[in-house]
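Here's the structure we're looking at; comments come further down.
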Amino acid sequence: MKSMITVAEASALMEAVPLTKKIIQVPIAQSTGAILAEDLFAKIDIPAFNQSSVDGYAIRYDNQFSNNAYKIVTKIAAGNAAQHSIQPGESARIFTGAPVPEGADTIVMQEMTRIENDALHINYPQLQAFENFRPAGSEIKQGALALPKGTRMSPHTIGFLAGLGYDQVPVFASPTVALIITGNELQTPGQPLQHGQVYESSSYMLQAGLQQMGISHLQIFRAKDTLEEVTTQLNAALHAADIVMLTGGVSVGDYDFVVQAANNCGVTPIFHKVKQRPGKPLYFGTKGEKRVFGLPGNPSSVLTCFYIYVWPFIRAAQGQTTELKRLQAPLVNECNKKIQLTQFLKGTYIDGQVTILTGQESYRMASYAQSNCLVHLPETPNHYKTNDIVELIILPMYG
């Protein structure tokens, strides 16, 4: 196991042991946000037949149409399955979406016509051949590529595929996740606090983050600060999920049992401790196809480690772009780092500039509630002046 590694080394070690991507078939109406796992091809021509785009009359185009009276021989509504045809000099009353009769190649809008003595007269000298006429396959031909593998499903892609007859689509499955919340001091929000207790918030914010990612299979376990209980809950979580996240108990105090519990459960440690603030005691390990993240206990550290490490790891398993949006911007305020660690500082990015917020301690969430980005400061330098260019990581709600 590697200890006190850099942020880049930690990310590389995680990327070297990705979860295997799983492909599942899901109902198309439930596929929003998922990533297509295969190329999809058109099952039919769209339109599947020559189709009218307006309410009007179908005719065979003739340069002398303005001098002609067309006999109306039939009426065709959308959904009409009967086969219709017209001859030169004849017309068919037709409606939007209806199949164009054999022999017709042009649709005249009804506003450009008049009916006299049961005959159609056209009042539109500018009429062109094939006007208001949708040829079969004009949008896509049967067998053509409809959407490539890697497409993110959205309302418009769902509408397109449904129109091609797809009721299910193959997508990369989201991994199942388990949370283990450790700590004797934690109390459930809504319950009265005893002396020495704090309200537990990590499970709530991690659930919210996972919901943003489309994770629907989530179980939550809770453990008091004993080696036996952490080991028991970790064993249960490993049986329940692909990814296990523990919060708290990952440092080196007398009541920090996560690393030993992971060893007891047969988890192979990959690294423990990263040269960063917040979240220096971060732990990562594997057990077969399972992945275990030991996150710090303070809520601000938990959320930062989730965004920097867990978010891209899950996104990769889903077949999605892994990184949160990053960009560069000038600083509004000066910043002095006290130690040579990579730092992720809560900030606000407004009008092309970024302000580092006060209240950066790992227990403080008020500044996180105001932030829309993390300011990524590498191990060196230690001093940043106003207008220095820094890297930002845009938080998911704002990217």
Side-chain angles (χ1 to χ4, degrees), residues 1-5 10 13-14 17 19 175-210 215 217-274 278-306 309-310 313-314 362-363:
M1 174 175 64
K2 295 194 173 184
S3 182
M4 287 304 292
I5 60 177
L13 287 169
M14 288 169 47
V17 286
L19 284 178
T176 55
V177 179
L179 304 180
I180 303 176
I181 309 299
T182 73
N184 294 336
E185 75 281 13
L186 301 178
Q187 175 62 290
T188 302
Q191 300 299 312
L193 279 180
Q194 304 299 319
H195 182 68
Q197 289 186 322
V198 297
Y199 284 122
E200 188 273 302
S201 62
S202 292
S203 68
Y204 296 89
M205 64 187 182
L206 289 176
Q207 283 183 81
L210 293 166
I215 300 294
H217 298 287
L218 172 66
Q219 294 190 50
I220 299 178
F221 301 81
R222 301 183 187 276
K224 294 296 184 181
D225 288 326
T226 69
L227 177 58
E228 180 181 15
E229 188 162 350
V230 175
T231 300
T232 298
Q233 297 301 324
L234 180 54
N235 259 323
L238 286 166
H239 283 92
D242 303 314
I243 293 175
V244 178
M245 286 186 282
L246 302 98
T247 65
V250 76
S251 192
V252 292
D254 290 347
Y255 296 95
D256 293 322
F257 297 112
V258 166
V259 175
Q260 184 58 54
N263 290 337
N264 292 349
C265 294
V267 176
T268 299
I270 304 299
F271 64 78
H272 182 208
K273 298 182 182 176
V274 181
K280 187 171 72 171
L282 180 70
Y283 170 92
F284 177 68
T286 68
K287 182 177 182 179
E289 285 295 307
K290 312 288 185 173
R291 302 293 180 263
V292 177
F293 291 88
L295 308 179
N298 282 311
S300 184
S301 298
V302 169
L303 193 56
T304 295
C305 288
F306 174 76
Y309 297 100
V310 184
F313 192 83
I314 291 177
S362 59
Y363 74 95

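In this chain, residues are counted from 1 in sequence order.
- Between Leu13 and Phe271 the shortest heavy-atom distance is CD1-CD2, 3.9 Å.
- Proximity of a side-chain donor or acceptor of Thr226 to a complementary backbone N or O of Glu229 within less than 3.5 Å is detected.
- At a threshold of 4.5 Å between non-hydrogen side-chain atoms, the residues Leu179 and Phe221 do not count as touching.
- At least one side-chain heavy atom of Met245 sits under 4.5 Å from a side-chain heavy atom of Val310.
- Taking every heavy atom of both residues into account, Glu185 and Asp225 meet most closely at OE1-OD2, 4.2 Å.
- Between the Arg291 side chain and the Val17 main chain, a donor and an acceptor come within less than 3.5 Å of each other.
- You'll find the side chain of Cys305 reaches within 4.5 Å of the side chain of Pro296, heavy atoms only.
- Legend: residues meeting ring pair (Phe, Tyr, Trp, His ring centres under 6.0 Å) with Phe313, ordered by chain and number and at least two apart, are Phe284, Phe293.
- Considering only residues two or more places apart in sequence or on other chains, Glu200 meets the side chain to side chain donor-acceptor pair (under 3.5 Å) condition with Ser203, Arg222.
- Listed here is the closest heavy atom pair of Gly248 and Val258: O-CG2, 3.3 Å.
- Scanning all heavy atoms of the two residues, the minimum distance from Gly297 to Ser202 falls at O-OG, 4.3 Å.
- For the pair Ile314 and Pro175, the minimum side-chain heavy-atom distance is below 4.5 Å.
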After noting the C-alpha distance and the side-chain angles of Val250 and Asp256, does the key distance pass the side-chain contact (heavy atoms from CB on, under 4.5 Å) rule?
CA-CA 6 Å; Val250 76; Asp256 293 322; over 6 Å; no
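- In terms of the side chain to side chain donor-acceptor pair (under 3.5 Å) criterion, residue partners of Asp242 (sequence neighbours excluded) are, by chain and number, Lys22, Thr176.
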Could you check Thr268 against Lys287 for side-chain contact (heavy atoms from CB on, under 4.5 Å), going step by step and ending with a plain yes or no?
CA-CA 6 Å; Thr268 299; Lys287 182 177 182 179; over 6 Å; no
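- Note that CG of Leu234 is 4.5 Å distant from CD1 of Ile180, once rounded to the nearest 0.5 Å.
- When side chains are defined from C-beta on, Leu282 counts as touching Leu295, because their heavy atoms get closer than 4.5 Å.
- Contacts of Thr182 classified as side chain to side chain donor-acceptor pair (under 3.5 Å), with partners at least two apart in sequence or in another chain: none.
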Could you give me the CA-CA distance, side-chain angles and deciding distance for Val302 and Met205, then say whether side-chain contact (heavy atoms from CB on, under 4.5 Å) is met?
CA-CA 9 Å; Val302 169; Met205 64 187 182; 3.8 Å; yes
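- Between atom CG of residue Leu218 and atom CG of residue Leu210 there is a gap of 6.0 Å, rounded to the nearest 0.5 Å.
- Considering only residues two or more places apart in sequence or on other chains, Leu193 meets the side-chain contact (heavy atoms from CB on, under 4.5 Å) condition with Gln187, Gln197, Tyr199.
- Here the side chains of His239 and Val244 are not in contact, with every heavy-atom distance at 4.5 Å or above.
- When the side chain to side chain donor-acceptor pair (under 3.5 Å) test is applied to Gln194, no partner is found at least two apart in sequence or on another chain.
- Interatomic distance, CZ of Phe257 versus CG of Leu246, reported as 13.5 Å (0.5 Å rounding).
- Inter-residue side-chain proximity for Ile220 and Gln207 is flagged as met; some heavy-atom pair is nearer than 4.5 Å.
- Crowding of Lys280 atom NZ: a count of heavy atoms from other residues, nucleotides or ligands under 6.0 Å not exceeding 12.
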Working note: Val267 + Thr286, criterion side-chain contact (heavy atoms from CB on, under 4.5 Å); need CA distance, chi angles, decisive distance, verdict.
CA-CA 5 Å; Val267 176; Thr286 68; 5.8 Å; no
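- Considering only heavy atoms from C-beta on, Leu238 comes within 4.5 Å of Val292 through its side chain.
- Residues Ala261 and Leu227 approach most closely at N-CD1, 3.7 Å, considering heavy atoms.
- Proximity of a side-chain donor or acceptor of Lys273 to a complementary backbone N or O of Ile5 within less than 3.5 Å is not detected.
- The two atoms that bring Ala241 and Val177 nearest to each other are CB-C, 3.6 Å, heavy atoms only.
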